[in-house]
Amino acid sequence: ITSQRASKQEAIHSIPFDELSEADRARVVDVVSSPSIFRRMPIQLIRCDPDLYQFMVRYPEVIVNIWDLMGITKVTLTRTGPSSFSATDGVGTQSNVQLVYASKTTHLMYAEGTYEGPLLKRRITGRCVLLLKSGHITADDNRDYVTNRLDVFIRLNHVGAEILAKTLHPLVGRAADYNFSESTAFLGRVS
């Protein structure tokens, strides 16, 4: 728990609050100051062109469309603006996502969404902040590698859902870790 708290504080301190609009800063602070769930994904290292990596992070619908053509996902992403999109996971979650900050090493997204599916009897609403930190190195063999780490802050709007989410967090967390690992590995294969 201490390392979880330290990781959460480290993530919060690395958010570029001064670079956000007043409205975005308020929305992000509201979620990260009191999240129902915080999850730090394991650091991933992939062999990948850094420009391709930046493009795919900023245009995730490209990867999702490739997965759709391969028949391996129910996820859909629809671009709704220059830095926003709507997303569905095919099993009950729908959200509107906005990239509120982007640099070579930091991508910060804010999302609002709902879940309505078999896990819970009632519709659940919530907000999420995703903080993706990345770095690039060129190894001695002149190959490019990208490291990335994702911090996830989720704030649910229902007390009962918060209790259930905290109970299921270890199971859901392992699934999230796996999905993040597989997604970044796929990006490396595309590169």
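This structure is a prediction, so every number in the text was calculated from the model and none was measured. We count residues from 1, following the sequence as given.
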* Distance (rounded to the nearest 0.5 Å) between Y53 OH and S134 OG -> 4.0 Å
* Asked: Can you check whether D89's main-chain N or O pairs, donor with acceptor, with T93's side chain at less than 3.5 Å?
  -> no
* **Contacts of type side-chain hydrogen bond (donor to acceptor under 3.5 Å, both in side chains), residue D151, not counting sequence neighbours** => R40
* Asked: Considering only heavy atoms from C-beta outward, does the side chain of V146 approach that of N148 to under 4.5 Å?
  -> yes
* Measure the spacing between CD1 of I37 and NZ of K8 and express it to the nearest 0.5 Å. => 11.5 Å
* To do: Give the minimum heavy-atom separation between V100 and Y110, together with the two atoms involved.
  => CG1-CB, 4.2 Å
* To do: Establish whether L69 and L77 are linked, either directly or via other cluster members, by ILVMFWY side-chain heavy-atom contacts under 4.5 Å.
  => no
* Asked: Should we count CG of D140 as having more than 12 external heavy atoms under 6.0 Å?
  -> no
* To do: Assess the side chains of T76 and T88: does a donor N or O sit below 3.5 Å from an acceptor N or O?
  => yes
* For the side chain of Q94 and the backbone of A87, is there at least one donor-acceptor N/O pair under 3.5 Å apart? -> no
* Shared hydrophobic cluster, V91 / I154 (ILVMFWY, side-chain heavy atoms < 4.5 Å) -> no
* Say whether Q4 and R39, considering side chains only, have a donor N or O and an acceptor N or O under 3.5 Å apart. => no
* Side-chain ion pair, R149 and E10, N-O less than 4.0 Å -> yes
* **L20 vs Y101 side-chain heavy atoms within contact, under 4.5 Å** => yes
* For T106 and S103, indicate whether the former's side chain and the latter's backbone hold a donor-acceptor pair under 3.5 Å. => no
* So which heavy atom on H107 is nearest to which on A102, and how close? -> CD2-CB, 3.7 Å
* First locate atom CG of L131, then atom CG of L108, and finally report the distance between them rounded to the nearest 0.5 Å. => 6.0 Å
* To do: Step by step, work out the side-chain contact (heavy atoms from CB on, under 4.5 Å) result for R58 and L99.
  => CA-CA 8 Å; R58 294 176 186 181; L99 179 64; 4.1 Å; yes
* Of all the heavy-atom pairs spanning V64 and V75, show the shortest one and how long it is. => CG1-O, 3.3 Å
* Rounded to the nearest 0.5 Å, how far does CG of D51 lie from CE of M56? -> 12.0 Å
* Between atom CD of E19 and atom CZ of R25, what is the distance when rounded to the nearest 0.5 Å? -> 10.0 Å
* Check whether the side chains of R5 and Q9 place a donor and an acceptor atom closer than 3.5 Å, and report yes or no. => no
* Indicate the atoms forming the closest heavy-atom contact of M41 with V152, along with that distance. => CE-CG2, 3.9 Å
* Side chains of V97 and S95: closer than 4.5 Å at any heavy-atom pair? -> yes
* Structure fact -> Tracing side-chain contacts under 4.5 Å among Ile, Leu, Val, Met, Phe, Trp and Tyr outward from Y145 reaches L45, I137
* **Carboxylate-amine/guanidinium proximity below 4.0 Å for E61 and R79** => yes
* Taking the side chain as every heavy atom from C-beta outward, state whether C128 and V31 have any atom pair closer than 4.5 Å. => no
* Would you check, one step at a time, whether the test side-chain contact (heavy atoms from CB on, under 4.5 Å) holds for F17 with I12? => CA-CA 9 Å; F17 291 108; I12 291 170; 4.3 Å; yes
* Asked: Do S86 and N96 have a side chain donor and acceptor closer than 3.5 Å?
  -> no
* Asked: So do I124 and E116 actually touch side chain to side chain, heavy atoms under 4.5 Å?
  -> no
* Backbone N/O of V32 and side chain of R155: donor-acceptor pair under 3.5 Å -> no
* Do the side chains of R127 and F153 get nearer than 4.5 Å, heavy atoms only? -> no
* **Q98 CD to D24 CG distance, which is reported to the nearest 0.5 Å** => 5.0 Å
* Any salt bridge between R27 and D30, counting N to O under 4.0 Å? -> no
* **Sub-4.5 Å side-chain heavy-atom contact between D144 and H136** => yes
